[in-house]
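See below for the structure under consideration.
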Amino acid sequence: MTDTAAAVAGVVLRHFRSYGEALEAINTAAIRSFASRDWDGLAVLTSERLDAYADAVGGSVAELRRTLDKPAGDAATWAAAQSAYAALTAERPDVEIAETFYNSITRRFLTTVGVDPRVEFLERHPLPAPDEVEVRRHPAGEDVEAALEAAVTAPQLASQWRNLGRDVRLAAEEIRRSLGLHGMGNTVTEIEVLCTPLYRGHGAYLVGRLWAGDVALPLGIAIHHTNRGLAIGAVLTEAEDVSVLFSYTRAAFFVDTNRPAAIVAYLGALLPDRTRDELYTAVGYRKHGKTELFRDLSLHIATSGDRFEFARGIRGMVMIVFTAPGFGVVFKIIRDRFPYPKQTTRRRIMSKYRLVSRHDRAGRLVDAHEFEHLRFERSRFAPELLEELAMQATRSVSIDAEHVTLHHVYVERRLAPLDLYVREANPIKARAAIVDYGRAIKNLAAANIFPGDMLLKNFGVTSGGRVVFYDYDEIVPLTQCKFREMPDSDRADEEMSAEPWFGVGDDDVFPEEFTRFLGIRGDLRQAFDEHHADLFGVRFWTRMQERLDAGEVIEIFPYKRSRRLGAVLRR
């Protein structure tokens with residue numbers, strides 16, 4: 001091993017340790033912010049966590065370029081450095097995160113296209129056994145209330161509960177009801193939860209299992225910090241409800257752990273529908289979640305005959321969207337040019353995706369991983385897709401005789417486009433989706449997001465039937481919009497004109513116009529109007545702006561209203 005290789009390994013490890021220290025400090029500060037109800041501070045920490053990784057990688061690359069005698073630009077040096085780094089990190093509890101960090105630096109330093117197995121860590125580590133994680137176990141027997149009280153008070157989340165006795169009684173009733181529905185009797189033998197609470201927004205979440213003899217149900221206990229103290233918001237015992245806590249439409253939790261693989265292993269056993277990349281991302285390791293997603297994609301491509309083809313739905317004016325049918329994601333490439341009436345730029349579109357990655361997604365915005373320099377065999381692309389990429393995405397894609405290289409691409413979970421869903425689903429499901437579409441718009445407004453283009457084609461439906469937004473080129477902060485009534489005219493020719501006969505500013509929005517272009521008709525329109533007719537008036541929007549301008553943080557609960565414990569929590 002050369003001295004240069006050893007120096008490279010040492011520099012990378014030192015900056016990785018600095019990243020780990022920064023992440024630990026951020027998680028600790030987030031716990032303090034929860035205890036003190038510092039919601040603005042918590043929002044700042046969310047951004048700082050995203051920046052911490054990039055800062056550490058950038059610092060490492062800058063030091064390597066500045067201090068080494070040779071810039072270490074050859075693969076042989078980096079291959080030797082990889083061996084040295086592997087020896088230095090092999091016993092770390094977060095070794096998989098350390099390796100992703102190393103890969104980030106090699107790709108930046110060497111401007112790697114595709115993957116380079118000589119210098120990158122490509123093999124994933126097996127997860128530890130799920131029972132290796134630290135959990136708290138609270139025997140119940142005949143006294144479920146006592147076990148629940150012990151479970152929720154053990155973490156010492158804050159100094160005061162609003163009404164602990166009432167909450168515990170209602171939670172115990174919910175648990176007994178759930179056991180009965182699952183044919184498990186009504187006797188809880190043990191409540192098991194992760195020692196580490198998961199923090200996000202106004203909530204701390206205890207996740208684990210509810211035991212009745214040898215049979216277990218997943219368990220999620222949502223604890224909210226209201227302005228009158230702590231309160232149990234919900235006790236979730238259905239796998240689907242607990243799984244939604246870790247959705248790709250939610251911000252990551254703050255989790256105080258130095259062994260993320262153990263947390264992921266436990267959650268993966270509890271929630272087998274959640275992929276490894278989703279769980280790593282959900283507990284705050286976004287870059288490693290991206291690594292796990294790429295590994296799954298590479299395995300799928302290597303073991304299937306799938307070809308990339310256009311995704312279902314109306315072709316977008318801003319993005320070329322395609323998919324591999326057997327793999328549950330879509331790839332979104334920015335077009336070189338945008339037809340009228342789109343008036344945007346590549347830079348602006350990228351800024352919108354950056355906004356979403358750093359914003360409270362409120363369970364209604366799909367997370368997107370940004371990739372650079374992915375390379376696939378040309379033969380894996382459908383001819384019509386290849387032609388469109390060659391003609392309309394030359395800034396993001398290069399194509400040669402053997403390969404297609406995606407120099408810039410967003411990767412998101414694949415959803416059923418809402419416009420197709422409501423045509424193809426049975427009437428009950430279609431009605432439920434349309435009603436939830438209205439809720440999605442309102443949830444986004446509460447999170448200070450105005451979608452801009454609210455056509456059904458820009459929304460999708462998850463496997464659980466939840467409607468989410470995924471077209472970000474026109475989103476803006478809600479507080480930036482100017483909601484206006486349509487002015488009256490005394491002239492018939494003006495009102496019949498296709499073009500506005502009055503002045504319209506860039507930020508002007510006329511909710512009355514929504515009725516014309518949403519494209520909902522018949523029974524679905526009636527269902528929408530029954531629940532969301534207020535969206536067609538100015539008052540809903542201006543009232544939401546007033547709340548946001550006043551500094552109110554409007555939390556969108558990560559569980560159904562029907563799952564709330566007792567009365568709706570007051571803020």
Side-chain angles (χ1 to χ4, degrees), residues 30 34 39-40 42-47 49-50 198-205 220 222 224-225 233-234 236 241 243-254 278 281-282 284 286 352-368 412-413 415 418 433 435-454 458-462 464-472 474-481 531-532 534-535 540-541 543-564 568-569 571:
F34 172 82
W39 310 131
D40 290 339
L42 204 58
V44 170
L45 291 169
T46 298
S47 293
R49 178 171 56 184
L50 291 171
L198 314 178
Y199 296 86
R200 182 174 61 204
H202 293 193
Y205 298 82
H224 299 287
H225 200 172
L236 309 174
D241 293 330
S243 180
V244 168
L245 299 179
F246 300 91
S247 170
Y248 49 81
T249 63
R250 291 276 173 184
F253 290 104
F254 291 96
E278 289 173 332
T281 300
R286 179 179 175 80
K352 304 292 187 182
Y353 276 81
R354 178 177 169 81
L355 168 66
V356 170
S357 73
R358 306 173 77 85
H359 200 80
D360 175 12
R361 292 193 293 277
R364 298 296 187 175
L365 294 170
V366 179
D367 190 21
E412 299 174 358
R413 291 294 165 190
L415 306 171
L418 180 59
V435 172
D436 199 48
Y437 162 62
R439 291 195 198 101
I441 294 171
K442 291 178 176 179
N443 288 167
L444 290 172
N448 197 20
I449 289 289
F450 182 67
D453 190 345
M454 295 193 297
N458 297 323
F459 290 76
V461 185
T462 70
R466 188 172 178 82
V467 175
V468 298
F469 188 62
Y470 53 50
D471 192 323
Y472 303 148
E474 293 189 20
I475 65 170
V476 292
L478 186 81
T479 49
Q480 176 182 313
C481 299
H531 292 83
H532 305 299
D534 53 344
L535 291 175
F540 167 82
W541 300 99
R543 175 56 183 145
M544 190 64 72
Q545 287 179 318
E546 290 166 1
R547 295 174 67 185
L548 294 168
D549 285 336
E552 183 178 353
V553 179
I554 306 170
E555 186 171 20
I556 310 301
F557 294 108
Y559 45 83
K560 301 172 186 175
R561 181 180 296 271
S562 61
R563 298 291 190 265
R564 294 189 192 180
V568 176
L569 295 175
R571 288 288 180 266

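Small disclaimer: the values here were computed from a predicted structure and weren't measured.
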For this output row, return yes or no: ring centroids of F459 and Y437 closer than 6.0 angstrom. yes
[X] side chain vs [Y] backbone, donor-acceptor pair below 3.5 Å:
X	Y	value
Q545	C481	yes
E555	H202	yes
H359	A447	yes
H532	V435	yes
H225	F34	yes

Partners of [X] by side-chain contact (heavy atoms from CB on, under 4.5 Å), sequence neighbours excluded?
X	result
A445	L478, F540, W541, M544
L50	R286, R358
D471	N458, F469, D473
E474	K342, D453

Would you sort out whether D367 and Y470 count as a side-chain contact (heavy atoms from CB on, under 4.5 Å), showing the intermediate values? CA-CA 9 Å; D367 190 21; Y470 53 50; over 6 Å; no
Under the salt bridge (Lys or Arg N to Asp or Glu O under 4.0 Å) test, residues paired with [X] that sit two or more places apart:
X	answer
D534	K442
R439	D436
R413	D277, E278

From [atom1] ([X]) to [atom2] ([Y]), nearest 0.5 Å:
X	Y	atom1	atom2	result
K560	R466	NZ	CZ	9.5 Å
R564	Y559	CZ	OH	6.5 Å
L355	L365	CG	CG	8.5 Å
N443	R361	CG	CZ	14.5 Å

Could you report the tightest heavy-atom contact between [X] and [Y], atom names first, then the distance?
X	Y	answer
A440	V467	CB-O, 3.7 Å
A446	L548	O-CD2, 3.6 Å
L444	R364	CD2-CB, 3.7 Å
Y205	R200	CE1-O, 4.1 Å
G201	W39	O-CZ3, 3.3 Å

Are [X] and [Y] packed together at the side-chain level, in the sense that at least one heavy-atom pair is separated by less than 4.5 angstrom?
X	Y	result
V366	V468	yes
F450	Q480	no
F254	L45	yes
L245	L198	no
Y199	L42	no

List for me each residue that meets side-chain hydrogen bond (donor to acceptor under 3.5 Å, both in side chains) alongside [X], sequence neighbours excluded, and say none if there are none.
X	result
T479	N448
R354	none
R250	none
T249	S247

Check ring pair (Phe, Tyr, Trp, His ring centres under 6.0 Å) between Y353 and all other residues, then give those that pass, not counting sequence neighbours. Y410, Y472
